Amino acid sequence: MYRTHTCGELRGTDDQQTVTLAGWVARVRDLGGVIFVTLRDRYGKTQLVFDPEENPELAADAKRLRAEWVLRVDGNVRKRPDDMINPKMPTGEIEIVVTSIEKLATPDTPPLLPEDEFEPSEEHRLRWRFLDLRRARMQRNLAKRHELAQITRRYFSDLGFMEIETPFLTRSTPEGARDFVVPSRLHHGQWYALPQSPQTYKQILMVAGYDRYFQVVRCFRDEDFRANRQPEFTQIDVEMSFCDPDDVMGVTEGLMKKIFEDQLNVPFPDKVQQMSYDEAIRRFGSDKPDLRFGNELVDLTDLFAGNGFGVIDNTVKAGGRVIGVLAQGQVKSSRKVVGEWESFVKERGLGGLMPLRKVDGNWPGPLGKFIPESNLEQAAELLGMNLESDLAFVAVAPAPRVHEVMGMLRLELAQKFEWIPADKHELLWVVDFPLLEYDEEAKRHVALHHPFTAPDPATYEQYKDSEPTKILSQAYDLVWNGEEVAGGSIRIHDREMQMKMFNLLGMSEEEAKTRFSFLMEALEYGAPPHGGIAFGFDRLVMLITGESSIRDVIPFPKTTQAVALFEGAPGKIDATQFRELGLSPKSDTQN
RNA sequence: GGGGCAGUAGCUCAGUUUGGUUAGAGUAUCGGCCUGUCACGCCGAGGGUCGCGGGUUCGAGUCCCGUCUGCCCCGCCA
């Protein structure tokens, strides 16, 4: 038998028991006589003791133990004297008086010590992932990940949802992110694509009558990566038939309530507030506003325009807006610091940033030069400024870019000056998204959500032929502390409507039929009204564990260059593989 | 695609501003001492392609150019 107990379970009440433990050597503390060894497994750590007076041979052997050796030990549980209890360890009341050791593996010095005090670079951690994953924090994170998957499956199953798998080898579809593609060996010149999400499959499952579907599923997108964006990531994918947005939102809130109450011990709001996309952009410059702090954007256009300030007047005439944001307590910011904030917005496409503040009874800077004092005072009032202590930043630029950038500034200021309370949780639904936006580069409309999102009927009728970007959609995003944790919509279930949507996206009937044949076909044969949502599973786990990087909740993540440092992917393939696939490598990429 | 930061001992970092003797510290490793530690402590030793390539210079970890890797931001990501 390798073990009778794990390294995390023995307590004072187990005193005198004969036990066998197995695990990794975390530390050896050789005091010259008595030797302590901390043994680790994923359940915890337990202290082993070797006393040379009781067993000199065994103690001599224990002296030679090294970090990360794998041991099986027999021994007796001994309750520690009161003054030697380690209150920081769950097993701190006891230790094991070892009677025999079996060394199951005696590795050389490892390149990384998986103890919390050592924090190697991320590159190193990813290169030696199997060692890094031994650390307690990573084991806790992956345990939380497992737990959330279990909660999810239980929750949806109890509500009558079925988990149904959908293919990973599917066909490439236009719209949306770039596909990862896989060459076909049996059909040279043909390619599979890995799904960006199971979107079309879950809609087809609705047509097939599986009226409540969910799946914890991997999705793949070949775009440029960032913090918290991986080429493959996991979604909790949900779809239901005969539902309106409230049904989907209700089901979504139910899972969030479980997460809040059972995982975070945070009360869940009776009613999750809703905010329109338009309002979110106007007030926070973002479609995922962080409501944990104020400093809302304030539109100062009416106060500042028309006073002979050229930049403002000209920009406003061309449709721009003047937007201000409060920076409390910052009235004394130096010219240099203000300049740094200006660089921040300039890097994001604004022309400049003007400080608004009163110093020694004057309003320094360009605003004070052109804008009447009463208007400046009204602006300060609207921004909620305390003129003794506060500063505000003002920018003028075309909307909505000015809102977006000032929203980024708001977040950056909040982070820098620590305005966000650590224990606060703010949830909201963002609704009434535009259905379409105009893509200047492609010279056509593109779907804001995806091309299967149902339009809001009223605005559709009103604007379909005149101003399609004013059509709203039946989409909804759940935002938690400024992070989008779930997003979904009611889908188009009518073939004609779907065809009109493709037309709005600049696709001909023929094109739509070819590219979305299977969906169009399904919509022809009795599609129920349906809708759904998808949660970003990795992000949820990150928020639950309190981690700040998605990579710390994914066992084998990729770098921002989409490289797997541990396995070494992507890698070359050999000439035979090329031949079988009917492909010929460019000379410089062949082995 | 654009920008920022970083790369020095197995690991984490200092040294780069202002070029100049033998590149340091902590930790890990090895040796010695130590009987109640829990990041044990003390003494000592070994350990370096200063990411890589080129350039400037009498002399480069330090300055210049290029390049690779990691992280972060903008764009992108329905």
Side-chain angles (χ1 to χ4, degrees), chain A residues 26-39 45-54 59 64 66-68 78 80-81 83-89 91-92 95 108-128 131-132 173-179 196-197 199-200 219-231 233 343-350 401 404-405 408 411-412 433-437 439 441 445-453 473 475 477 484 487-489 501 505 534 536 548-549 551 558-561 563 565:
Chain A
R27 286 184 190 277
V28 179
R29 291 179 296 280
D30 176 359
L31 272 59
V34 66
I35 297 156
F36 298 102
V37 174
T38 310
L39 197 66
K45 291 176 187 170
T46 299
Q47 173 162 289
L48 313 177
V49 201
F50 300 86
D51 188 336
E53 285 180 8
E54 288 175 31
R64 291 191 292 271
R66 289 296 173 264
E68 302 310 309
R78 181 163 76 191
R80 301 192 199 179
D83 55 337
M84 287 162 201
I85 287 173
N86 184 347
K88 286 184 284 186
M89 286 173 77
T91 64
E95 58 199 4
D108 286 339
T109 309
L112 174 163
L113 288 175
E115 294 291 304
D116 290 341
E117 312 81 70
F118 302 96
E119 180 80 32
S121 68
E122 184 138 23
E123 194 173 355
H124 200 66
R125 289 177 56 200
L126 292 177
R127 167 65 185 84
W128 299 99
L131 293 174
D132 189 59
T173 51
E175 303 289 317
R178 196 175 294 114
D179 289 319
Q196 297 170 27
S197 82
Q199 183 61 36
T200 41
C219 304
F220 307 87
R221 293 179 191 175
D222 188 4
E223 289 293 339
D224 287 348
F225 302 103
R226 287 274 197 93
N228 302 338
R229 241 165 49 192
Q230 287 274 312
F233 60 97
S343 307
F344 179 89
V345 302
K346 279 184 166 174
E347 283 158 12
R348 286 158 180 75
L350 298 193
R401 189 61 194 166
E404 289 163 5
V405 175
M408 292 182 201
L411 286 175
E412 190 71 15
F433 283 85
L435 184 70
L436 305 166
E437 59 188 350
D439 183 335
E441 213 170 298
H445 290 101
V446 294
L448 194 75
H449 192 58
H450 58 54
F452 318 111
T453 301
S473 72
D477 277 3
E484 184 197 326
S489 63
M501 180 68 186
L505 297 175
S548 52
S549 168
R551 291 182 298 272
K558 310 244 180 326
T559 68
T560 50
Q561 297 299 311
V563 170
L565 292 177

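Convention: sequence-line order gives letters A, B, ...; per-chain numbering from 1. The figures here come from the full heavy-atom set of this structure, side chains too, leaving out hydrogens, waters and symmetry mates. Just so we're clear, the structure is a prediction, and the values are computed from it rather than from any experiment.
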In whole Å, measure the gap between the [atom1] atoms of [N] and [M] for me.
| N | M | atom1 | result |
| --- | --- | --- | --- |
| B:U8 | B:G44 | P | 28 Å |
| B:U62 | B:A45 | C1' | 30 Å |
| B:C34 | B:G15 | C1' | 36 Å |
| B:C5 | B:G46 | P | 38 Å |
| B:G32 | B:A25 | C1' | 23 Å |
| B:A6 | B:U16 | P | 13 Å |
| B:G75 | B:G3 | P | 16 Å |
| B:C74 | B:G51 | P | 29 Å |

Quick one: ring-ring contact (aromatic ring centres under 6.0 Å, His included) partners of A:Phe433, sequence neighbours excluded?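 Per chain and number, A:Phe433 pairs via ring-ring contact (aromatic ring centres under 6.0 Å, His included) with A:Tyr277.
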ring-ring contact (aromatic ring centres under 6.0 Å, His included) partners of A:Phe344, counting only residues at least two apart: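 Listed in chain order: nothing, the list is empty.
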Taking all atoms of both residues into account, what is the closest heavy-atom pair of [X] and [Y], and its distance?
| X | Y | answer |
| --- | --- | --- |
| A:Cys219 | A:Ser197 | SG-CA, 3.8 Å |
| A:Leu505 | A:Ala447 | CD2-N, 3.5 Å |
| A:Gly487 | A:Asp477 | CA-OD1, 3.3 Å |
| A:Pro111 | A:His124 | O-NE2, 2.9 Å |

Nearest-neighbour nucleotide for the [X] side chain, [options] considered:
| X | options | answer |
| --- | --- | --- |
| A:Leu113 | B:A28, B:C72, B:G70 | B:A28 |
| A:Pro111 | B:G70, B:G1, B:G10 | B:G10 |
| A:Arg66 | B:C74, B:G1, B:G31 | B:G31 |

5′-ward residue of the pair A:Ala227/A:Gln199 relative to RNA chain B: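 It is A:Ala227 whose nearest nucleotide is closer to the 5' end.
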Comparing A:Ala447 and A:Glu122 on RNA chain B - which has the more 5′ nearest nucleotide: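 The residue whose closest nucleotide sits nearer the 5' end is A:Glu122.
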Excluding sequence neighbours, so at least two apart, what forms side chain to side chain donor-acceptor pair (under 3.5 Å) with [X]?
| X | value |
| --- | --- |
| A:Arg229 | none |
| A:Arg348 | none |
| A:Arg125 | A:Asp132, A:Asp552 |

The single option from A:Lys45, A:Arg29, A:Glu95 passing side-chain hydrogen bond (donor to acceptor under 3.5 Å, both in side chains) against A:Thr38: A:Arg29
Identified pairing partner of B:G70, criterion: Watson-Crick or G-U wobble below 3.5 Å: B:C5
Under a 3.5 Å cut-off for both contacts, is B:C30 paired Watson-Crick or G-U wobble with anything, and if yes, with which nucleotide? B:G44
Specify the separation, in whole Å, of atom [atom1] of [X] and atom [atom2] of [N].
| X | N | atom1 | atom2 | answer |
| --- | --- | --- | --- | --- |
| A:Glu123 | B:U12 | CD | P | 9 Å |
| A:Leu131 | B:A28 | CG | P | 17 Å |
| A:Asp108 | B:C30 | CG | C1' | 13 Å |
| A:Ile35 | B:C34 | CD1 | C1' | 12 Å |
| A:Asp222 | B:C76 | CG | C1' | 12 Å |
| A:Phe225 | B:G70 | CZ | P | 13 Å |
| A:Trp128 | B:U12 | CH2 | C1' | 17 Å |
| A:Asp224 | B:C71 | CG | C1' | 15 Å |

Between B:C77 and A:Arg221, counting only base atoms on the nucleotide and side-chain atoms on the residue, is there a donor-acceptor pair under 3.5 Å? no
Test for a donor-acceptor pair under 3.5 Å between the base of B:C76 and the side chain of A:Arg229, counting only N and O atoms.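 Donor-acceptor pair under 3.5 Å: yes.
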According to a strict under-4.0 Å criterion, is [X] in side-chain N/O contact with OP1 or OP2 of [N]?
| X | N | value |
| --- | --- | --- |
| A:Arg401 | B:G75 | yes |
| A:Arg127 | B:C11 | no |
| A:Thr109 | B:U29 | no |
| A:Ser121 | B:A6 | no |
| A:Arg226 | B:C74 | yes |

Could you check whether A:Pro451 gets within reach of a base, just the sugar-phosphate, or nothing at all, counting any heavy atom under 4.0 Å?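 A:Pro451: base contact, heavy atoms under 4.0 Å.
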With sequence neighbours left out, what residues match [X] under side-chain contact (heavy atoms from CB on, under 4.5 Å)?
| X | answer |
| --- | --- |
| A:Asp179 | A:Ser172, A:Val181, A:Ala193, A:Gln196 |
| A:Val34 | A:Leu31, A:Phe36, A:Val49 |
| A:Thr173 | A:Phe516 |
| A:Gln230 | A:Ile550, A:Arg551, A:Ile554, A:Pro557, A:Lys558 |

What's touching nucleotides 66-68 of chain B from the protein side, N or O pairs under 3.5 Å?
none

What does nucleotides 36-41 of chain B look like as a protein-contact string, B for base, S for sugar-phosphate only, - for none, at under 4.0 angstrom between heavy atoms? BBBSB-
Just the atom pairs and distances: protein N or O near nucleotides 43-46 of chain B's N or O, under 3.5 Å.
none

